[in-house]
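Here is the structure we will look at, set down as structure tokens.
Positions are given from 1 along the sequence.
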Amino acid sequence: GDVYKRQLYFIEMPEPQTEENPIEVRVQRARRGWVTIVGGLNPDINFKRVTGEFKSAYGCNGSVQIDKDGQKFVLFQGNMCENLKVFLTSQRIAKLEALKIVGV
């Protein structure tokens, strides 16, 4: 659907992220298909809860990872960039202009 219906107030954030601190959604080939990597999310959000909610909403697998600088990012299986646009904007995690889609 166009809007992810279930509104979750699990993010302790007053305002959605804007283009000042962009979220990078990177789609790339993995061994047998696509993976989507989401970086630059506000470190205050509950990554595990956001990831779990997205996974059950869109029926994909995913996990929270930590990069070499100690920053958290989320890795989903499949090309999820359209679903992530809908999810992140409807959950007020980010404004649409904050999402930088890389790849595909």
Side-chain angles (χ1 to χ4, degrees):
D2 297 338
V3 179
Y4 178 60
K5 295 288 186 297
R6 205 166 136 200
Q7 192 66 44
L8 306 162
Y9 297 100
F10 55 116
I11 316 240
E12 292 68 47
M13 269 168 63
E15 286 298 308
Q17 270 177 257
T18 57
E19 65 265 56
E20 275 92 75
N21 56 4
I23 294 172
E24 185 178 276
V25 179
R26 181 181 290 279
V27 181
Q28 61 189 44
R29 288 292 293 175
R31 287 190 294 276
R32 285 204 312 244
W34 297 94
V35 293
T36 307
I37 296 167
V38 187
L41 286 164
N42 186 325
D44 300 339
I45 69 175
N46 182 337
F47 277 79
K48 209 165 176 159
R49 178 104 196 263
V50 174
T51 305
E53 202 57 50
F54 184 84
K55 281 159 61 173
S56 59
Y58 293 100
C60 68
N61 200 5
S63 58
V64 180
Q65 312 267 335
I66 296 178
D67 68 12
K68 56 185 180 293
D69 305 326
Q71 301 295 317
K72 286 184 181 174
F73 66 95
V74 187
L75 192 146
F76 292 110
Q77 288 179 2
N79 181 349
M80 292 290 147
C81 68
E82 291 306 314
N83 294 341
L84 278 162
K85 275 186 201 170
V86 171
F87 181 81
L88 293 173
T89 51
S90 63
Q91 291 304 320
R92 302 193 60 246
I93 297 173
K95 293 199 158 88
L96 195 55
E97 64 267 18
L99 300 179
K100 302 278 175 274
I101 311 291
V102 186
V104 183

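Here the shortest heavy-atom pairing between Gly62 and Thr51 reads C-CG2, 4.2 Å. The two residues Ile23 and Gly40 come nearest to each other via the heavy atoms CG1-O, 3.8 Å. A pairwise comparison of heavy atoms in Phe87 and Ile93 identifies CE2-CD1, 4.3 Å as the closest pair. Across Thr36 and Met80, no two heavy atoms sit closer than the pair OG1-N, 2.9 Å.
Annotation: side chain of Leu84 is not in contact with side chain of Tyr58 (no heavy-atom distance under 4.5 Å). For the pair Lys55/Phe76, a side-chain contact is recorded, criterion being any heavy-atom separation below 4.5 Å from C-beta on. Residues Arg29 and Trp34 meet the side-chain proximity criterion, which asks for heavy atoms closer than 4.5 Å.
Listed for the Gln91 side chain is no donor-acceptor partner under 3.5 Å among the backbone atoms of Val50. When atom types are taken as modelled, the side chain of Asn61 and the backbone of Ser63 share no donor-acceptor pair closer than 3.5 angstrom. Distance alone, capped at 3.5 Å, is enough to place a donor-acceptor pair between the Asp67 side chain and the Asp69 backbone. Distance alone, capped at 3.5 Å, is enough to place a donor-acceptor pair between the Gln17 side chain and the Asn42 backbone.
Looking at residues two or more places apart in sequence or on another chain, you find no side chain to side chain donor-acceptor pair (under 3.5 Å) involving Glu19. Lys72 is linked by a side chain to side chain donor-acceptor pair (under 3.5 Å) to nothing, counting only residues two or more places apart in sequence or in another chain. The side chain to side chain donor-acceptor pair (under 3.5 Å) test applied to Glu24 returns Arg26, not counting sequence neighbours.
Connection of Ile45 to Val25 is established within a shared hydrophobic cluster, with ILVMFWY side chains joined at heavy-atom distances below 4.5 Å, either directly or through further cluster members. Using a 4.5 Å cut-off between side-chain heavy atoms of Ile, Leu, Val, Met, Phe, Trp and Tyr, with links allowed through other members, Leu41 and Leu96 fall into the same hydrophobic cluster. Taking hydrophobic clusters as Ile, Leu, Val, Met, Phe, Trp and Tyr residues chained together by side-chain heavy-atom distances below 4.5 Å, Ile101 shares a cluster with Leu88. Connection of Val86 to Phe54 is established within a shared hydrophobic cluster, with ILVMFWY side chains joined at heavy-atom distances below 4.5 Å, either directly or through further cluster members. Taking hydrophobic clusters as Ile, Leu, Val, Met, Phe, Trp and Tyr residues chained together by side-chain heavy-atom distances below 4.5 Å, Phe47 shares a cluster with Leu99.
Atom NZ of residue Lys95 and atom OG1 of residue Thr89 lie 11.5 Å apart, to the nearest 0.5 angstrom.
Between Leu75 and the options Val64, Val38, Ile37, a side chain to side chain contact (heavy atoms under 4.5 Å, CB included) holds for only Ile37.
Remark: Lys100 NZ is packed, more than 12 non-hydrogen atoms of other residues, nucleotides or ligands lying under 6.0 Å away.
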